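Right, one structure below, let's go through it.
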Amino acid sequence: MASLDTLDLKGKKVLIRVDFNVPLNEAREITDDSRMQAHVPTIKTVLSKGGKPILMSHLGRPKNGPSPELSLKHLQTHLQELTGVDVQFINDCIGEEVELVANQLPENQILLLENLRFHPEETKGDEAFAEALSRLADVYINDAFGTAHRAHASTAVIAKYFVGNKAFGRVLQSEIDNVNKVLKGGEKPVTAIVGGAKVSSKISILENLLDRIDNLVIGGGMAFTFIKAQGGNTGNSLIEDDYLETARTILKAAAEKNVEILLPVDSKIADQFSNEAETKISPSNDIPAGWMGLDAGPESIKALEAVLLSSKTILWNGPLGVFEFENFSAATKAAGELIVEATKKGAFSLVGGGDSVAAIKQFNMSDGVSYVSTGGGAMLEFLEGKTLPGIQAILD
Ligand code: AMP
């Protein structure tokens, strides 16, 4: 299979699907450019190999065609600053005029196309639209992990027009490589921490992980469905009664596969869902009526320490408490600190898929772990063991 390193890009037009879906404020200024920064290595590699980068992305969710506030033009100047080369912007992404500008693009310049989702055909995975995009370039690079789980025109359908001339960009390649370090036989012991609100949204992940890990830490709101399934009193804690049987099935499967399960033995409980609630520490399986578990307690954190500091591979998906409330953020913060410590001792650690990424950023710990995934929904589906259309389309 071709890669960014093996493809001959000299003088070629290289259409790169990036994820420039950055937050903009009222004045249309970029408030967090990390998604743009992430693609700079791919863009620079293409430039250094004499290729001419043509960048396409979506931005926000335009409903009825073009809307000026979601134009990628707002990113032009900053992209120029980040890459150090001139960036031309064109106010559409398909059509004769765009093809003309692409054909005349000089070396050492970047062409930035207008928001793909100004055309509703993009998200519909429309063939004709994908073919129109493909006419702009000789080579296709997909670097947008955040949309790799969608079979959109620019992320998947387009790839078939570039047989032998398509590859993953640096971001997408490193997401694949890093998640495979966990899913395809990480160094043992392998520990997964799966937390967050609901069991229902994490079942497929739990099932997929059981064959690949030694320890499974179940935390956050979803832990209480497991504790109730084991006969515990969970008070007003978040429970999904429809999933009690599923929880039992997962616990049974874990036992059969010799996966050690860690549920929080104690919890910081609250008399209401609020940062200002009355609190106390309680055994997680004996929470008084009217009270709810909003964070793991000190004994649970001690148990977490023992397992994490002896792990060689760690995957973290989902917070261990309502970390958005400062008074219920201790266990999530402790998990972050312990993962950083384990990483210092030589463990490989990956944080991915949703709110644990937000947590690790909030606690400024991103630099202390081995890898922080850039794609929420895409990482969840990857961890579920699904084949992502954006990845498959390059491999085909
Ligand atoms: P998820 O998107 O499923 O990963 O869930 C993340 C959310 O779970 C966060 O917003 C947390 O506040 C929430 N959460 C974590 N622990 C609890 C808990 N014990 N009770 C209710 N919600 C929780």
Side-chain angles (χ1 to χ4, degrees), residues 146 149 192-209 216-230 232-243 246-247 250 262-288 290-301 304 315-336 339 350-363 372-384:
H149 58 316
I193 307 175
V194 183
K198 294 191 165 172
V199 187
S200 49
S201 62
K202 302 281 166 95
I203 296 165
S204 309
I205 294 185
L206 295 175
E207 287 170 349
N208 187 43
L209 288 177
L216 175 61
V217 179
I218 302 176
M222 62 186 268
F224 294 104
T225 298
F226 284 86
I227 291 166
K228 187 170 179 185
Q230 291 175 321
N233 298 318
T234 49
N236 261 3
S237 304
L238 191 67
I239 296 291
E240 286 174 282
D241 280 314
D242 292 349
Y243 286 89
T246 308
I250 289 171
L262 266 92
L263 282 157
V265 284
D266 59 351
S267 292
K268 187 172 187 184
I269 60 171
D271 62 350
Q272 53 173 314
F273 189 82
S274 156
N275 192 43
E276 277 69 50
E278 286 289 319
T279 66
K280 52 187 177 183
I281 301 297
S282 158
S284 301
N285 61 2
D286 198 13
I287 297 177
W291 290 72
M292 63 191 89
L294 295 186
D295 200 9
E299 290 304 317
S300 310
I301 294 174
L304 190 65
L315 166 71
W316 184 18
N317 172 282
L320 299 186
V322 185
F323 73 101
E324 299 94 332
F325 294 160
E326 213 208 321
N327 290 335
F328 302 99
S329 62
T332 303
K333 194 166 182 196
I339 294 172
L350 181 142
V351 183
D355 273 343
S356 37
V357 173
I360 202 119
K361 285 187 179 161
Q362 181 179 314
F363 303 136
V372 180
S373 172
T374 59
M379 181 50 82
L380 287 178
E381 292 197 17
F382 214 159
L383 294 174
E384 287 173 356

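Numbering of ligands and ligand atoms starts at 1, following listing order. Side chains are part of it too, since the values below use all heavy atoms of this structure and drop only hydrogens, waters and symmetry mates. Quick caveat: nothing in here was measured; it's all calculated off a predicted structure.
Partner of Ile269 under the side-chain contact (heavy atoms from CB on, under 4.5 Å) criterion, out of Lys280, Met292, Glu278: Lys280 alone.
Between the CG atom of Asp355 and the OG1 atom of Thr332 there is a distance of 9.5 Å, given to the nearest 0.5 Å. Atoms CG and CD1, on Leu383 and Ile205 in that order, are 5.0 Å from each other to the nearest 0.5 Å.
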Tell me, with the steps shown, if Ser237 and Ile287 meet side-chain contact (heavy atoms from CB on, under 4.5 Å).
-> CA-CA 8 Å; Ser237 304; Ile287 297 177; 3.6 Å; yes

Tabulated below should be the N or O atoms of ligand 1 paired with protein N or O atoms at under 3.5 Å; can you produce that?
| from | atom 1 | to | atom 2 | distance (Å) |
| --- | --- | --- | --- | --- |
| ligand 1 | 3 (O) | Ala197 | N | 3.2 |
| ligand 1 | 4 (O) | Lys202 | NZ | 3.0 |
| ligand 1 | 5 (O) | Ala197 | N | 2.9 |
| ligand 1 | 8 (O) | Ala197 | N | 3.1 |
| ligand 1 | 10 (O) | Glu324 | OE2 | 2.5 |
| ligand 1 | 10 (O) | Asp355 | OD2 | 3.4 |
| ligand 1 | 12 (O) | Glu324 | OE1 | 2.6 |
| ligand 1 | 12 (O) | Glu324 | OE2 | 3.4 |
| ligand 1 | 16 (N) | Gly221 | N | 3.1 |
| ligand 1 | 19 (N) | Gly221 | N | 3.4 |
| ligand 1 | 19 (N) | Gly293 | O | 3.0 |

Show the atom names and distances, to 0.1 Å, of all donor-acceptor pairs under 3.5 Å that link a side chain in residues 319-326 to residues at least two apart or in another chain.
none

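Side-chain contact of Ser300 with Asp266: a donor-acceptor pair under 3.5 Å is present, judged by distance alone.
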